Amino acid sequence: QVQLIESGGGSVQAGASLRLSCVASGLNFGDSVMGWFRQPPGQERQFLAAISGSGTTIRYERAVKTRFTISRENARNTVYLQMVNLRPEDTAVYYCAVPFAHDSVVITTTDKIEYWGKGTPVTVSA
């Protein structure tokens, strides 16, 4: 079975940085697009970033383009989300995701996702 395990979240102050990790098992990791979503309290889950299997194609949600960086290390079956200059509005549970279409980074809505991790919470205080 596909399993996605996120880590790296925590409680930080505004301006801090965090790197989230997602370790995947049960799939051909190097052949699959991977994505990150987040869900703020009381809001819908929203797309953040996606990266192709090779790492050569990347797509970001416009609002986080300058602060978040997605990357992957296929030898370790791991995808990362580096976040800098965190703001209180970044407070959310962050989810790793595998889309149905493993060759497309256009996964901006949750209906495109086949598998989800359990999430790692991030809290940013002013």
Side-chain angles (χ1 to χ4, degrees):
Q1 297 295 320
V2 172
Q3 186 172 24
L4 308 172
I5 301 178
E6 303 98 332
S7 62
S11 297
V12 299
Q13 291 186 313
S17 299
L18 286 172
R19 188 178 75 160
L20 308 183
S21 299
C22 171
V23 179
S25 61
L27 77 161
N28 191 350
F29 185 79
D31 289 338
S32 182
V33 164
M34 300 294 298
W36 286 98
F37 286 67
R38 70 182 178 187
Q39 187 165 17
Q43 300 185 36
E44 296 182 350
R45 196 169 298 185
Q46 58 194 232
F47 170 78
L48 293 176
I51 184 169
S52 64
S54 67
T56 59
T57 304
I58 293 173
R59 184 184 180 99
Y60 291 103
E61 194 279 320
R62 187 181 302 273
V64 303
K65 170 67 175 177
T66 61
R67 298 189 298 115
F68 291 8
T69 303
I70 190 171
S71 63
R72 66 193 297 157
E73 188 173 1
N74 286 349
R76 302 186 69 85
N77 284 5
T78 303
V79 62
Y80 304 97
L81 187 69
Q82 178 69 50
M83 307 185 294
V84 301
N85 193 24
L86 285 163
R87 305 166 181 171
E89 53 263 42
D90 295 320
T91 295
V93 178
Y94 285 70
Y95 295 91
C96 182
V98 177
F100 288 100
H102 290 188
D103 61 347
S104 176
V105 297
V106 185
I107 54 168
T108 57
T109 55
T110 58
D111 63 335
K112 302 294 194 299
I113 303 303
E114 184 174 13
Y115 300 108
W116 297 97
K118 293 182 179 179
T120 186
V122 172
T123 301
V124 184
S125 301

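Note that these values count all heavy atoms, side chains included, but never hydrogens, waters or copies made by symmetry. Owing to the predicted nature of the structure, the values given are computational and were not obtained by experimental measurement.
- Considering only residues two or more places apart in sequence or on other chains, Arg38 meets the salt bridge (charged side-chain N to carboxylate O under 4.0 Å, His left out) condition with Asp90.
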Arg59 vs Ile107, test: side chain to side chain contact (heavy atoms under 4.5 Å, CB included). Steps then yes/no. CA-CA 9 Å; Arg59 184 184 180 99; Ile107 54 168; over 6 Å; no

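- The hydrophobic cluster containing Phe47 does not contain Phe68, counting ILVMFWY residues as joined when their side-chain heavy atoms lie under 4.5 angstrom apart, directly or transitively.
- Pairing each heavy atom of Ala24 with each of Phe29, the nearest pair is CB-CD1, 3.6 Å.
- To the nearest 0.5 angstrom, Cys96 atom SG is 10.0 Å from Ile5 atom CD1.
- To the nearest 0.5 angstrom, Leu81 atom CG is 11.0 Å from Thr120 atom OG1.
- In this structure, Ser54 OG and Asp103 CG are separated by 11.5 Å, a value rounded to the nearest 0.5 Å.
- The two atoms that bring Ala97 and Ile113 nearest to each other are CB-CG2, 3.6 Å, heavy atoms only.
- Residues Val124 and Trp36 share a single hydrophobic cluster, defined by chaining ILVMFWY side chains whose heavy atoms lie under 4.5 Å apart.
- Hydrophobic clustering, with ILVMFWY side chains joined whenever heavy atoms are under 4.5 angstrom apart, keeps Val93 apart from Leu48.
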How far apart are the C-alpha atoms of Met34 and Arg72, what are their side-chain angles, what is the distance that settles it, and do they pass the side chain to side chain contact (heavy atoms under 4.5 Å, CB included) test? CA-CA 9 Å; Met34 300 294 298; Arg72 66 193 297 157; 3.6 Å; yes

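- When every heavy atom of Lys112 is checked against every heavy atom of Val106, the shortest pair comes out as CG-O, 4.4 Å.
- Val122 and Met83 get closest at one heavy-atom pair: CG2-CE, 4.1 Å.
- If you take NZ on Lys118 and OG on Ser7, they are separated by 13.5 Å, rounding to the nearest 0.5 Å.
- Note: Arg67 CZ to Leu86 CG = 6.5 Å, rounded to the nearest 0.5 Å.
- Residues Leu4 and Cys22 share a closest heavy-atom pair of CB-SG, 4.0 Å.
- Residues in residues 102-123 take part in these ring-ring contact (aromatic ring centres under 6.0 Å, His included) pairs, two or more places apart or across chains: Phe37-Trp116.
- The two residues Val33 and Ala50 come nearest to each other via the heavy atoms CG1-CB, 4.2 Å.
- Under 3.5 Å, the side chains of Glu6 and Tyr94 contain no donor-acceptor pair of N or O atoms.
- Interatomic distance, Gln82 CD to Ile70 CD1, rounded to the nearest 0.5 Å: 12.5 Å.
- Judged purely by atom type and a 3.5 angstrom limit, Gln39 uses its side chain to pair as donor or acceptor with the backbone of Gln43.
- Counting heavy-atom neighbours within 6.0 Å of Glu44 CD, excluding the residue itself, gives a total of 12 or less.
- Linking ILVMFWY residues whenever their side-chain heavy atoms come closer than 4.5 Å, directly or via other members, leaves Val105 and Ile51 in distinct clusters.
- Around atom CD of Gln13, no more than 12 heavy atoms belonging to other residues, nucleotides or ligands sit under 6.0 Å away.
- Follow the hydrophobic side-chain contacts under 4.5 Å out from Val79 and you reach Val98 in the same cluster.
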